[in-house]
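Right, one structure below, let's go through it.
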Amino acid sequence: YLDSTASNLTKLARDERLPLDIVPHATDKGYSLEILYKGKPVVGSDLVIHDPAANQTEVKSDEKGRVDLVTAKPGLYSVRAKWVVEEKGKEGDMEYAQVNNYCTLALRVVGK
């Protein structure tokens, strides 16, 4: 959970321990959400965004690993990012062909 009024919002949002991370950057129209995998921007990450009225939007991150979040309404925005890595492995007796990475962000936006 992050409050948009925090002066160091981007720094608070970035957690280098997470393989997949969502980092908000303030813009004139709201926020730009930067999706990072192992610290690098992710092109084509799947995002699901719920606005304060519980409207759902599904988008993909652009060529810079970003998605614009227009925050016309104050309130809580919930964001889930997914990034699939084609990486084979084994957990116990189960084999897998890919790793699904998820990250979530709850961003409270205050009215101006």
Side-chain angles (χ1 to χ4, degrees):
Y1 167 82
L2 292 171
D3 192 308
S4 66
T5 61
S7 61
N8 56 348
L9 176 64
T10 297
K11 186 175 180 180
L12 283 173
R14 181 68 179 111
D15 187 343
E16 295 181 11
R17 297 171 295 175
L18 295 175
L20 187 64
D21 205 358
I22 305 169
V23 182
H25 301 271
T27 67
D28 292 340
K29 295 181 181 179
Y31 295 86
S32 176
L33 304 175
E34 183 178 27
I35 314 308
L36 302 172
Y37 180 70
K38 296 187 177 179
K40 297 190 182 341
V42 175
V43 177
S45 174
D46 295 312
L47 278 86
V48 177
I49 302 169
H50 289 95
D51 70 12
N55 296 312
Q56 179 176 305
T57 304
E58 295 182 22
V59 294
K60 288 189 178 285
S61 57
D62 66 15
E63 66 281 348
K64 294 180 182 175
R66 292 187 178 229
V67 169
D68 289 330
L69 176 64
V70 178
T71 54
K73 304 173 203 165
L76 187 63
Y77 289 79
S78 175
V79 182
R80 184 191 76 214
K82 177 182 177 186
W83 182 241
V84 177
V85 178
E86 300 298 325
E87 180 179 291
K88 293 181 181 183
K90 189 174 182 179
E91 178 75 29
D93 292 336
M94 301 291 292
E95 293 185 10
Y96 56 86
Q98 67 185 30
V99 177
N100 297 326
N101 296 276
Y102 292 92
C103 186
T104 58
L105 169 69
L107 179 65
R108 175 147 326 267
V109 175
V110 180
K112 296 182 180 184

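Computed from a predicted model, the values in this text were never measured in an experiment.
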Taking all non-hydrogen atoms of both residues, which atom of [X] and which atom of [Y] are closest, and how far apart?
X: Lys64; Y: Pro41; answer: O-CB, 3.4 Å
X: Tyr102; Y: Lys82; answer: OH-CE, 3.4 Å
X: Val48; Y: His50; answer: CG1-CE1, 3.7 Å

Does any non-hydrogen side-chain atom of [Y] lie less than 4.5 Å from one of [X]?
X: His25; Y: Val23; value: yes
X: Ile49; Y: Val59; value: yes
X: Asp3; Y: Val110; value: yes
X: Leu47; Y: Arg80; value: no
X: Leu12; Y: Leu2; value: yes
X: Ser4; Y: Val109; value: yes

Using a strict threshold of under 4.0 Å (side-chain N to carboxylate O), is an ion pair present between Arg17 and Asp15? yes
N/O donor-acceptor pair under 3.5 Å between [X] side chain and [Y] backbone:
X: Thr104; Y: Val79; result: no
X: Ser45; Y: Ile35; result: no
X: Asp46; Y: Lys60; result: no

Leu18 and side-chain contact (heavy atoms from CB on, under 4.5 Å): which partner among Ile22, Leu20, Asp21? Asp21
When you check the side-chain N and O atoms of Ser61 and Arg66, is any donor under 3.5 Å from an acceptor? no
